[in-house]
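Structure first, then comments.
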Amino acid sequence: MTPLRYPDGHIGRLVTGLQTARSVLGDTRFSSLPAGKRSPVKVPGSELSTDALPPGMFVNMDPPEHTRYRRLLSKHFTIRRVRELRPRIQEMTDRLLDEMESAAGPVDLVQAFAKPLPTLVTSELLGLPEADRSQFGHHVDVLFSLSSSGEEMQQSMMGLGGMLTALIAAARKDPGPDILGRLTLETDLTDEELLGITIVLLIAGLETTTNMLALGTYALLRHPDQLAALRADWTLMDDAVEELLRYLSVVQIGPIRVAAEDFEFEGQSVRKGEVVTVSLPAANRDPLGFEAPDTFDIRRGPSRHLAFGSGPHQCMGHHLARLELAIGYESLLRRFPRLELAVPAEEIGTREMMVTYGVLGLPVRW
């Protein structure tokens with residue numbers, strides 16, 4: 001944990017070690033409340049006022065409020081519930097690959113597969129109308145872009161809020177089997193709370209998995225020895241997913257915490273109000289936590305990486321994300337055994353001005 005001067009002059013901390021990162025994320029003396037949070041990067045006009053955030057956005061809460069929302073939602077993301085979704089996710093995946101195959105290539109894997117699959121899965125889980133899905137995706141892109149102006153972010157938050165408010169009203173009138181419908185029937189959550197929860201689930205379900213699908217495919221294509229090992233033994237798929245999550249760690253900025261009190265932490269004096277930014281990519285490349293951490297090795301075995309965070313705020317949908325990735329990678333690589341980049345690797349653009357790292361596009365052929 002190292003002192004860091006934030007863009008506004010505040011002296012906070014940057015955490016890069018695996019064990020220290022896990023300790024910070026598990027210590028409730030480091031608050032998740034938005035008050036006092038600062039970004040470690042300066043992008044003029046890209047900050048969204050916390051005053052505009054609705055109740056129910058539990059990622060910005062501490063216990064016991066955070067715990068209450070987690071308990072209401074956790075049953076929708078258990079291993080058993082996620083396993084029940086496998087046939088439906090496989091069906092969606094196969095349909096997208098059928099469309100890719102009929103296009104005869106080259107295609108942009110981001111637009112043809114990596115973005116549509118999480119959109120379909122998340123939309124079905126939340127009951128989002130098919131006609132509105134592209135607009136939902138647009139608003140999420142704006143909110144995750146570090147180059148979006150404050151006005152653009154406000155407009156997308158308002159647009160997203162309006163669409164989801166209408167969705168909540170429809171769920172109240174005619175609850176479906178989706179998560180939103182069940183929450184309206186089984187809880188006493190207000191419309192404002194449902195709005196906040198839906199925004200969190202929508203953003204979390206779309207952004208990270210989309211980028212992992214595309215960037216992970218790119219990584220495999222750039223490491224032909226690892227791809228060959230995977231094709232020779234598909235039982236390595238789960239290990240490959242874990243290694244891709246560790247090796248790529250697509251969340252570039254945060255999690256960000258604020259010290260809620262003065263206290264001693266790992267031999268350092270932390271003062272109330274100090275901002276602490278945890279670098280997940282750095283933690284997942286910590287040589288004290290992983291042997292040869294900069295090497296991509298799908299045979300690495302069990303890995304306690306932090307791609308999904310840790311502690312009370314660990315990503316609730318990690319079982320679902322892992323399943324989507326495993327189905328997506330294996331189905332894609334089985335369907336197209338000669339899959340390759342359609343352009344030189346140096347022409348692949350990356351999402352450097354986004355909260356979540358990835359590729360802007362991935363032209364492939366087979």
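One is the number of the first residue; the rest follow in order along the sequence.
For His313, the ring pair (Phe, Tyr, Trp, His ring centres under 6.0 Å) partners are His66, not counting sequence neighbours. Remark: Asp98 engages Arg335 in a salt bridge (Lys or Arg N to Asp or Glu O under 4.0 Å) (not counting sequence neighbours).
For the 3.5 Å distance criterion, the side chains of Glu266 and Thr20 qualify, holding a donor opposite an acceptor. Tyr6 and Thr277 are linked by a side-chain donor-acceptor pair at a separation below 3.5 angstrom, with hydrogens and angles left out of the test. Side-chain N/O atoms of Ser303 and Glu243 include no donor and acceptor closer than 3.5 Å.
Checked by atom type and distance alone, the side chain of Asp262 pairs as donor or acceptor with a backbone atom of Lys272 at under 3.5 Å. At least one donor-acceptor pair closer than 3.5 Å links the side chain of Ser39 to the backbone N or O of Val41. A donor-acceptor contact shorter than 3.5 Å is absent between the side chain of Ser331 and the backbone of Gly328. At distances below 3.5 Å, at least one donor-acceptor pair connects side-chain atoms of Asp62 with backbone N or O atoms of Ser32. Proximity of a side-chain donor or acceptor of Arg86 to a complementary backbone N or O of Leu323 within less than 3.5 Å is not detected. Although no hydrogens or angles enter the test, the distance criterion places a donor-acceptor pair under 3.5 Å between the side chain of Arg300 and the main chain of Thr295. Between the Ser249 side chain and the Arg246 main chain, a donor and an acceptor come within less than 3.5 Å of each other. A donor-acceptor contact shorter than 3.5 Å is absent between the side chain of Asp174 and the backbone of Ala170. Here the side chain of Arg285 pairs a donor or acceptor atom with the backbone of Tyr247 at under 3.5 angstrom.
Alongside Leu185, the hydrophobic cluster contains no other residue (criterion: ILVMFWY side chains under 4.5 Å). Think of Val15 as one node in a network of Ile, Leu, Val, Met, Phe, Trp and Tyr side chains linked at under 4.5 Å; its network also takes in Met1, Leu18, Val24, Leu25, Phe30, Val251, Phe263, Phe265, Val270, Val276, Val278, Leu280, Phe290, Leu306.
Under 4.0 Å is where a charged nitrogen must lie from a carboxylate oxygen, and between Arg304 and Glu242 no such pair does.
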Pairs of donor and acceptor atoms involving the side chains of residues 226-234, under 3.5 Å and at least two apart or interchain, shall be tabulated with distances.
from: Gln226; atom 1: OE1; to: Ile298; atom 2: N; distance (Å): 2.8
from: Arg231; atom 1: NH1; to: Leu333; atom 2: O; distance (Å): 2.6
from: Arg231; atom 1: NH2; to: Phe336; atom 2: O; distance (Å): 3.4
from: Arg231; atom 1: NH2; to: Pro337; atom 2: O; distance (Å): 3.4
from: Asp233; atom 1: OD1; to: Thr235; atom 2: N; distance (Å): 3.1
from: Asp233; atom 1: OD1; to: Thr235; atom 2: OG1; distance (Å): 2.4
from: Asp233; atom 1: OD2; to: Thr235; atom 2: OG1; distance (Å): 3.2

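The aromatic rings of Phe58 and Tyr69 lie parallel to each other, their planes meeting at an angle below 30°, with 60° marking the opposite boundary.
For the pair Gly273 and His10, the tightest heavy-atom approach, listed with the atom from each and the gap, is O-CE1, 3.6 Å. When all heavy atoms of Ser310 and Arg22 are compared, the closest pair comes out as OG-CG, 3.6 Å.
Within the structure, ring pair (Phe, Tyr, Trp, His ring centres under 6.0 Å) contacts touching residues 73-94 (residues at least two apart or in different chains) do not occur.
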